[in-house]
Amino acid sequence: MRLSFALVLLLPSLSFAQTDEMLKAVERDLAAKRTAKWVLECEAPGGGFFHAPPGPKADAKPSLRATNGAVRAPRYLGFPLLKGEREKHAAFVLSCYDPKTGAFAEPGGKPDVAITSIGVMAAVEVGIPKEKFAKAMDYLKENAKTFEEVRIAAAAVEAWGVKDCPFKLDEWVKVAYKHLNQREPKEDRARAVGGAAALVLRLGWELPVNDAQFAKPIMDDGQRADGGWGKTGEKASDIETTYRVMRALTLLKEKPKDGAKLRAFLESHRNADGGYATKPGDKSSMSGVYYGVIVSKWLDDLEAKK
């Protein structure tokens with residue numbers, strides 16, 4: 001008690017506002033450390049990560065999808081994996097790759113565009129030389145056709161490096177524009193616009209002036225009372241749709257309409273174990289952690305800009 005009183009006397013210029021901000025910064029740092037700890041508890045002994053910390057009798061297999069989230073989340077939290085850790089997980093990622101077809105697959109699973117895109121992102125993140133999985137880009141070029149396939153494949157191209165992409169992206173951009181300019185989209189309009197706008201921007205293209213002007217208001221209008229964004233027919237927002245819209249806003253360098261409500265929405269997905277759930281009240285999962293961590297980071301970055 002005496003020490004605390006003495007510090008107050010020695011630091012008369014320290015305002016209550018500054019003290020409050022310092023405490024919030026400490027809380028954020030502790031929260032980030034708890035989340036990083038949760039991620040490491042999902043680490044498989046031989047490389048790769050589980051979707052959640054396995055129980056003592058669990059017979060779980062590491063997942064490529066979970067590994068992609070796990071090797072990226074710590075970087076956003078400020079605790080990137082060390083070189084030795086990346087090498088161990090790189091071996092797991094490569095074990096999911098078929099050099100004959102160029103496709104990635106979950107252990108024991110079948111390849112497709114989505115998991116191959118995830119494999120490319122994970123491989124880049126852990127530092128695997130591109131020549132070791134270069135055929136994956138050929139696989140994506142030949143197989144990504146629908147909007148959802150092109151959307152996730154664009155994330156792989158972004159990770160690979162748009163300027164180094166071995167094929168032209170014109171056809172994918174056409175798919176994005178078609179989705180962006182739907183007169184009556186079947187899905188929520190903010191979700192449709194956010195997903196399509198993000199796809200175009202990730203591929204290094206610019207939105208036409210008219211599209212850029214109407215995209216932000218649509219996404220603003222789509223933010224719901226709970227702070228997130230959601231799907232048509234669903235009363236509550238969902239974290240995956242929120243991720244899509246925030247990806248577009250980040251690329252457009254635009255803040256969401258109500259950042260405080262968005263933070264509350266993200267916090268509702270956070271659990272006492274340090275992880276995040278994909279739905280409030282559910283158990284923590286690597287998907288929940290990835291969405292929660294990255295959207296929080298984007299929001300921090302946008303609000304830091306004046």
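- Ion pairing of Asp238 with Arg244 is absent here, as no side-chain N (NZ or NE/NH1/NH2) approaches a carboxylate O to less than 4.0 Å.
- Lys130 and Asp164 are joined by a salt bridge, as a carboxylate oxygen and a charged side-chain nitrogen come within less than 4.0 angstrom of each other.
- Aromatic ring pairs are classed by plane angle as parallel below 30°, tilted from 30° to 60° and perpendicular above 60°; the pair Phe133 and Phe104 is perpendicular.
- Salt bridge annotation for Glu41-Lys37: present, with a cationic side-chain nitrogen under 4.0 angstrom from a carboxylate oxygen.
- Of all heavy-atom pairs spanning Lys135 and Tyr97, the tightest one is CB-OH, 3.3 Å.
- Shortest non-hydrogen contact noted between Gly69 and Pro74 is O-CD, 4.5 Å.
- In terms of heavy atoms, Leu201 sits closest to Glu206 at CD2-CA, 4.4 Å.
- In this structure, the separation between CD on Glu87 and CD1 on Ile128 is 11.0 Å, given to the nearest 0.5 Å.
- Between the side chains of His89 and Glu125, no donor-acceptor pair is found at a separation under 3.5 Å.
- A salt bridge between Asp188 and Arg224 is present, with a side-chain N of the basic residue lying under 4.0 Å from a carboxylate O of the acidic one.
- Using the six-membered ring where Trp is involved, Tyr76 and Tyr290 have ring planes that are perpendicular, over 60° apart on the 30 and 60° scheme.
- Looking at Glu158 and Arg247, a side-chain N of the basic residue comes within less than 4.0 Å of a carboxylate O on the acidic one, giving a salt bridge.
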query: After noting the C-alpha distance and the side-chain angles of Arg202 and Leu199, does the key distance pass the side-chain contact (heavy atoms from CB on, under 4.5 Å) rule?
result: CA-CA 5 Å; Arg202 290 181 106 154; Leu199 197 167; 5.9 Å; no
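- Under a 4.0 Å N-O distance rule, the pair Glu240/Arg191 qualifies as a salt bridge.
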message: Could you walk me through whether His179 and Glu187 satisfy the side-chain contact (heavy atoms from CB on, under 4.5 Å) test, starting with their C-alpha distance in whole Å, then the side-chain angles of each, then the deciding distance to 0.1 Å, before giving a yes or no?
response: CA-CA 11 Å; His179 195 79; Glu187 61 181 338; 2.6 Å; yes
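- When all heavy atoms of Ile239 and Phe265 are compared, the closest pair comes out as N-CZ, 4.0 Å.
- Ion pairing of Asp220 with Lys216 is present here, as a side-chain N (NZ or NE/NH1/NH2) and a carboxylate O approach within less than 4.0 Å.
- With respect to Glu85 and Arg75, no salt bridge is recorded, no charged nitrogen being found less than 4.0 Å from a carboxylate O.
- Proximity of Thr242 to Leu262: side-chain heavy atoms (C-beta onward) are separated by under 4.5 Å at one or more points.
- When only modelled atom types and interatomic distance are considered, Ser287 and Arg65 share no side-chain donor-acceptor pair under 3.5 Å.
- Put simply, the side chain of Leu249 does not reach to within 4.5 Å of the side chain of Trp298, judged on heavy atoms.
- Inter-residue side-chain proximity for Val175 and Lys145 is flagged as unmet; no heavy-atom pair is nearer than 4.5 Å.
- Residue Phe92 holds its CZ atom at 6.5 Å from OG of Ser63, rounded to the nearest 0.5 Å.
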field: Worked check of side-chain contact (heavy atoms from CB on, under 4.5 Å) between Val293 and Val39
entry: CA-CA 11 Å; Val293 166; Val39 170; over 6 Å; no
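- How far CD of Glu267 is from OH of Tyr276: 6.0 Å, rounded to the nearest 0.5 Å.
- Across every non-hydrogen atom of Ala122 and Val93, the tightest pair is CB-CG2, 4.1 Å.
- Closest approach of Ser268 to Pro280, counting heavy atoms only: O-CB, 3.4 Å.
- For CZ of Arg189, the number of neighbouring non-hydrogen atoms (other residues, nucleotides, ligands) closer than 6.0 Å is 12 at most.
- Remark: Ser285 OG to Lys279 NZ distance equals 11.5 Å, nearest 0.5 Å.
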- request: Take Leu299 and Arg263, measure what side-chain contact (heavy atoms from CB on, under 4.5 Å) needs, and give me the verdict at the end.
  value: CA-CA 8 Å; Leu299 182 57; Arg263 286 195 186 280; 3.4 Å; yes
